[in-house]
2 protein chains.
Amino acid sequence: MPKPVVPEAQRRRRRPTRSGTVLSEELIVETALRMLREHGSTGLTARRLGLALDADPSTLYRYFRGMDDLTLAIGDALIGQALEGWAPTGQWRHDLREVGLRIHAAYVSHPQAAVLTASRVTGRANELAADEAVLDILRGAGFPLRDTVRIYHAFIDQTLAFAALDAASLALPSAALDADEDKWHSTYARLPADRYPRIAEAARLLTARMVTSAYPTALDMLLDSVDRQRPRRAAVSPERF
Amino acid sequence: MPKPVVPEAQRRRRRPTRSGTVLSEELIVETALRMLREHGSTGLTARRLGLALDADPSTLYRYFRGMDDLTLAIGDALIGQALEGWAPTGQWRHDLREVGLRIHAAYVSHPQAAVLTASRVTGRANELAADEAVLDILRGAGFPLRDTVRIYHAFIDQTLAFAALDAASLALPSAALDADEDKWHSTYARLPADRYPRIAEAARLLTARMVTSAYPTALDMLLDSVDRQRPRRAAVSPERF
DNA sequence: CGCATAAGGTCAATGGCGTTGGCATAAGGA
DNA sequence: TCCTTATGCCAACGCCATTGACCTTATGCG
């Protein structure tokens with residue numbers, strides 16, 4: 001049986017580390033986010049995190065069951081950060097769009113962390129709050145339960161999928177050793193036009209466009225589709241007459 | 001300077017390993033795919049792969065520059081497998097849909113491998129061929145270069161993004177130790193209805209739906225959008241009259 | 001106010017990992 | 001048949017996460 005982890009809410013004794021810093025779940029997650037940004041998505045290790053916190057690596061196991069548990073906490077922090085200060089306006093389309101863009105932006109602003117967490121289900125507080133919020137927007141807009149769940153599924157998966165993909169390509173260049181960095185220039189831009197005529201003719205445009213995200217476009221397409229399926233009031237809308 | 005890697009095409013001497021098996025790039029990738037399926041996405045290690053091949057782990061470095069290079073080769077094999085036997089029909093929408101579904105299906109059929117590779121740019125032969133094919137479909141349909149590149153970007157990113165996300169959730173249950181497996185049942189289905197009313201009312205539908213992929217729907221939405229932007233011939237299409 | 005308790009920090013060790021440099025051997029061209 | 005060198009093997013290095021035992025000190029109770 002490993003050491004039990006005390007939930008943050010029940011911590012009483014806050015014993016400072018050898019060098020005087022007082023640990024907390026929040027401080028550890030913040031430090032981990034900083035390390036990920038500085039050392040890349042593979043640069044978060046228990047040893048280094050301990051070093052950065054001036055604590056023994058094994059101390060982390062007083063706060064998290066393991067590195068995976070810490071990873072989930074990091075992911076939940078990103079979601080929390082995404083919806084910090086957000087409040088629904090009651091206009092479902094605007095609210096949904098805002099939630100999607102905020103979540104996507106939060107992940108993309110911490111790409112190295114997002115790579116580790118975007119496709120995980122944390123089951124922690126902030127994730128639950130976000131899910132509840134999306135479902136509430138749709139239910140509040142009058143969608144029946146089945147449609148709500150279907151739309152929620154497409155919406156959240158599309159958001160997380162693009163967040164993960166965009167984060168992955170942003171995270172690679174920071175780890176300068178990863179050779180993927182300039183593969184578009186070193187490989188795609190130099191292909192022989194006789195064997196790859198279509199790539200060759202598009203190379204310049206490709207290298208320019210592939211660095212941007214296709215998420216906003218895809219999101220609006222989804223919202224358009226949702227709008228068309230939305231339950232209307234009995235009255236016919238005025239524009240028709 | 002590390003040992004140089006001899007390209008597969010130039011290999012002359014095929015010296016058998018101690019136990020008699022003859023190595024090749026293809027055999028190594030196949031074995032790696034099998035190990036990934038059996039041991040999960042974190043179960044591919046140089047030592048284990050060497051064991052499975054009856055070869056010393058360091059031998060792998062005669063074929064790949066490192067585990068990362070091997071990972072890219074695995075990804076390229078998935079793309080190759082996706083388009084194996086495929087040929088364009090000349091109907092752009094049908095062809096594009098087929099390519100998307102094939103790539104998605106290939107990744108999802110090797111989820112543990114897909115997790116490692118779906119968001120990587122390999123720059124290898126099969127990837128280049130797939131990109132060339134997609135660009136050719138769009139150019140052949142008459143799209144100008146700029147539109148072609150824009151559509152290609154949205155199409156390929158959406159395909160890979162969903163492939164990565166769907167693969168990730170499929171890969172987790174196989175590694176039975178990962179606790180994410182039944183988080184939907186252990187957490188979401190048991191939330192208190194007073195704090196999470198929307199999740200609670202949708203729990204049953206959510207657990208049923210979240211195991212399926214939203215990709216086909218999203219793909220058709222994209223194709224609809226593309227269809228509306230397609231350049232028409234000068235003549236007005238017959239249905240209008 | 002002081003003491004017992006146990007929370008929480010530290011230490012040392014284990015077994016795994018990727019990777020490398022040196023070495024041995026046998027394949028295949030001459 | 002011999003030489004060259006491609007290719008397999010070995011041993012070692014410095015990482016990694018994780019654990020169990022130990023120590024120390026903050027806290028709550030009497």
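Because the structure is predicted, anything quoted here is derived from the model rather than measured. Excluded from the calculations below are hydrogen atoms, water molecules and symmetry mates; all remaining heavy atoms, backbone and side chain alike, are included. Chain letters run A, B, ... following the sequence lines, proteins first, then strands; residues in each count from 1.
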Nucleotide nearest [X] when distance is taken to its side chain, options [options]:
| X | options | answer |
| --- | --- | --- |
| B:Met67 | D:dC9, C:dT10, C:dG18 | C:dG18 |
| A:Ala46 | C:dT10, D:dG8, D:dA17 | D:dA17 |
| B:Arg62 | C:dT10, C:dG22, D:dT18 | C:dG22 |
| A:Arg48 | D:dA17, C:dT10, D:dC16 | D:dC16 |
| B:Leu23 | D:dG8, D:dC10, C:dG9 | D:dG8 |

d([atom1], [X]; [atom2], [N]) in whole Å:
| X | N | atom1 | atom2 | value |
| --- | --- | --- | --- | --- |
| A:Asp69 | D:dA17 | CG | P | 15 Å |
| B:Leu60 | C:dC17 | CG | P | 13 Å |
| B:Leu51 | C:dC17 | CG | C1' | 14 Å |
| A:Asp56 | D:dT24 | CG | P | 15 Å |
| A:Arg47 | D:dT18 | CZ | C1' | 10 Å |
| A:Phe64 | C:dG8 | CZ | P | 13 Å |
| B:Leu44 | C:dG16 | CG | P | 17 Å |
| B:Arg65 | D:dT7 | CZ | C1' | 18 Å |

- Message: Just to be sure I understand the rule, does A:Thr45 reach a base, reach only the sugar-phosphate, or reach nothing, if contact means heavy atoms closer than 4.0 Å?
- Response: sugar-phosphate
| message | So, does B:Thr59 get its side chain near the phosphate of D:dC9, meaning an N or O under 4.0 Å from OP1 or OP2? | response | yes
OP1 or OP2 of C:dG9 less than 4.0 angstrom from a side-chain nitrogen or oxygen of A:Tyr63, does that happen here? yes
Closest approach of [X] to [Y] (non-hydrogen atoms, all atoms of both residues):
| X | Y | answer |
| --- | --- | --- |
| B:Ala32 | B:Leu44 | CB-CD1, 3.9 Å |
| A:Glu201 | A:Arg198 | CG-O, 3.3 Å |
| B:Ile74 | B:Ala113 | CG2-CB, 3.9 Å |

- Query: Does CD in B:Glu30 sit with more than 12 non-hydrogen atoms of other residues, nucleotides or ligands closer than 6.0 Å?
  - Reply: yes
Worksheet item: Do A:Arg124 and A:Asp69 sit within salt-bridge range, that is, some charged N less than 4.0 Å from a carboxylate O?
Response: yes
